[in-house]
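Ligands are counted one by one from 1 in listed order, and the atoms in each one are counted from 1 as well.
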Amino acid sequence: MAPLWWARAPSRRDGELEAYREEIRDSKWCLCILQGEVEAYREEMGDQVDTGCYIGAYLNELSQLKSGEEDDQTTLTVDHLKANILELFLAGSETTSSTLWWAMFFLASNPQAQQTMQEEMDRVVGRDNTPALAHMDRLPYTMATIFEVQRMGNLLPFAIPHKAAEDVSLGGYHIPKDTTIVFNLSHGLLDPKYWQEPTQFRPERFLTEEGKVFKPDHFMPFGSGKRVCLGESLARLEVFVFLASLMHRFSWRLTDDTVTWETSTIISRPPNFFVYAVSRKEEAK
Ligand code: HEM
């Protein structure tokens, strides 16, 4: 049996490799669309400079660098611009929205955790206010719940491939320079060596005895080191604001419909499910 932390790794099973290829084909298709956008922008703007938009600012910087002294010349091209935009769309939106989707699934399936989170928000935020970033530090259970969602959701089982810059020895293995290294993030999120009953949803595992949020070193849903996720801070804020607002206003419960799972590729896909949302104002009446 494959160890738990490999459970959602892309494999040849069930056409997963084909789904992976499809994702790469989709990326190429997106790059073609972006090429069209850049060309349309150039046509419309001609020699005008508009640094208020990303494409404009990038092209302006590029032309300045290219016309600079030889030493200042850049290797950046329009292909990098397209790759950057694609990265912001793929890395920046699907990750956060899928995390929220996982959160809804785990909380709708765990009424006790949901209730504890709501009680904490009622105490700190108040029933008639809206959760805001300023409340984050005073909502340890809510923050621990987001960690637990990230742990169990295991959104990106593998970090982006990296390359060894030099020969290195690690854990008794010799890794020659230029070897491609793919870091298995699931290991630190789901391995029973690190977590008691890792398949159970328990936000409390991220709280100290004093009730403070605690983040163990092996918990790395955003990767680690120099190439750690560029959007980590933004993603944390986004997930907090959306999830806290949704839980503060409504109570969520799974319907009796069947939960169905889809093939995962680079991202671990949350399941398809239906929920009842009950306004907490109605509930209180
Ligand atoms: C909950 C949401 C997110 C998760 C779980 C996540 C996770 C990750 C992971 C695991 C990596 C690979 C790190 C490594 O190779 O060590 C990564 C890279 C990256 N992420 Fe995110 N990410 C999220 C949201 C975002 C957002 C909102 C943005 C941008 C607005 C973003 C932009 C990037 C970029 C640009 C990289 C590549 C960084 C580099 O190679 O230097 N991510 N992310």
Side-chain angles (χ1 to χ4, degrees), residues 5-10 20 23-24 27 30-31 34 53-55 57-58 75-76 79-107 133 136 142-165 168 170 175 178-191 194-195 198 201 203 206 213 215-247 264-271:
W5 53 97
W6 280 99
R8 282 199 296 275
Y20 206 73
E23 213 145 295
I24 290 169
S27 300
C30 290
L31 285 173
L34 289 170
C53 101
Y54 188 71
I55 295 181
Y58 191 101
T75 53
L76 290 180
D79 282 344
H80 294 102
L81 165 63
K82 289 185 292 177
N84 279 0
I85 298 174
L86 183 67
E87 210 164 62
L88 285 177
F89 275 117
L90 292 185
S93 63
E94 199 169 339
T95 45
T96 315
S97 61
S98 295
T99 302
L100 282 165
W101 188 349
W102 273 116
M104 294 306 291
F105 176 65
F106 289 129
L107 286 162
L133 295 182
M136 255 173 120
T142 302
M143 299 315 289
T145 304
I146 294 175
F147 279 175
E148 183 66 343
V149 166
Q150 289 199 284
R151 189 191 68 76
M152 278 193 59
N154 181 26
L155 192 73
L156 286 170
F158 297 102
I160 293 169
H162 295 271
K163 193 161 86 171
V168 62
L170 188 68
I175 302 171
D178 290 339
T179 305
T180 300
I181 300 166
V182 182
F183 195 59
N184 177 2
L185 298 174
S186 310
H187 176 66
L189 302 181
L190 297 169
D191 191 338
Y194 300 122
W195 309 96
F201 186 81
F206 287 101
V213 187
K215 182 169 165 286
D217 288 344
H218 48 266
F219 175 72
M220 290 180 255
F222 291 99
S224 166
K226 272 192 193 168
R227 304 299 295 265
V228 68
C229 171
L230 202 69
E232 175 172 356
S233 331
L234 175 66
R236 282 196 189 290
L237 302 183
E238 286 174 336
V239 171
F240 168 77
V241 168
F242 278 95
L243 188 64
S245 305
L246 288 169
M247 291 297 145
S264 289
T265 51
I266 297 169
I267 286 189
S268 294
R269 286 233 187 142

Open item on the list: Out of the candidates Phe106, Trp195, Phe105, only one should pair with Phe201 under the ring-ring contact (aromatic ring centres under 6.0 Å, His included) rule; please name it.
Closed with: Phe106

Task: Region of Val239 engaging ligand 1 - heavy atom pairs below 4.0 Å - done: neither

- [ ] Could you tell me the residue and atom name of the protein heavy atom closest to atom 25 (C) of ligand 1, and the distance to it rounded to 0.1 Å?
- [x] Ala91 O, 3.1 Å

- [ ] Select one of side chain, backbone, both or neither to describe which atoms of Ser93 lie under 4.0 Å from any atom of ligand 1, heavy atoms only.
- [x] neither

Task: Proximal ligand 1 atoms for Ser224, defined as those under 4.0 Å from one of its heavy atoms - done: 16 (O)

Open item on the list: Suppose we measure from atom 36 (C) of ligand 1 to each protein heavy atom; which comes out shortest, and what is that distance?
Closed with: Leu230 N, 4.0 Å

Open item on the list: Among Gln150, Glu94, Arg227, which one puts a heavy atom closest to atom 39 (C) of ligand 1?
Closed with: Arg227

Task: Subset of ligand 1 atoms that lie under 4.0 Å from at least one heavy atom of Leu234 - done: 30 (C)

Open item on the list: Please classify the Glu87 to ligand 1 contact at 4.0 Å (heavy-atom distances, strictly less than): side chain, backbone, both or neither.
Closed with: side chain

Open item on the list: Is there a polar contact between ligand 1 and Ile160, counting only N or O atoms under 3.5 Å apart?
Closed with: yes

Open item on the list: I'd like to check which ligand 1 atoms, numbered from 1 as shown, lie under 4.0 Å from a non-hydrogen atom of Ala159.
Closed with: 14 (C), 15 (O), 16 (O)

Task: Side chain proximity check, Phe206 to Ile146, heavy atoms < 4.5 angstrom - done: no

Task: atom 29 (C) of ligand 1: the protein heavy-atom neighbour that sits closest, reported with distance to 0.1 Å - done: Gly92 CA, 3.7 Å

- [ ] Considering heavy atoms of the protein only, find what lies nearest to atom 7 (C) of ligand 1 and give residue, atom and distance to 0.1 Å.
- [x] Leu156 CD1, 3.3 Å

Open item on the list: List ligand 1 atoms under 4.0 Å from Pro221, heavy atoms only on the residue side.
Closed with: 5 (C), 7 (C), 10 (C)

Task: Protein contact to atom 15 (O) of ligand 1 [nearest heavy atom, distance to 0.1 Å] - done: His162 NE2, 2.8 Å

TODO: Would you please classify the geometry between the Phe219 ring and the Phe147 ring as parallel, tilted or perpendicular, with 30° and 60° separating the classes?
DONE: tilted

Open item on the list: Can you name the atoms of ligand 1, numbered from 1 with element, that are less than 4.0 Å from a heavy atom of Leu185?
Closed with: 10 (C)

Task: For Thr99, atoms of ligand 1 separated by under 4.0 Å from a heavy atom - done: 1 (C)

TODO: Considering the heavy atoms of Thr96, write down every atom of ligand 1 situated less than 4.0 Å from one of them.
DONE: 27 (C)

Task: Where Thr180 and Pro161 come nearest, the two heavy atoms and their spacing - done: CG2-CB, 3.9 Å

Task: Side chain, backbone, both or neither: the part of Lys226 lying under 4.0 Å from ligand 1 by heavy atom - done: neither

- [ ] Measure up the Tyr54 and Tyr58 rings against each other and bin them: parallel (under 30°), tilted (30 to 60°), perpendicular (over 60°).
- [x] tilted

TODO: Do me a favour and list the nearest non-hydrogen protein atom to atom 6 (C) of ligand 1 with residue, atom name and distance?
DONE: Phe222 CD2, 3.6 Å

Task: Protein heavy atom at shortest distance from atom 21 (Fe) of ligand 1 - done: Cys229 SG, 2.3 Å

Open item on the list: Give me the atom names and distance for the closest heavy-atom approach of Gln150 to Pro221.
Closed with: OE1-CG, 3.8 Å

Task: Which residue and heavy atom of the protein sit nearest atom 24 (C) of ligand 1, plus the separation - done: Thr95 OG1, 3.2 Å

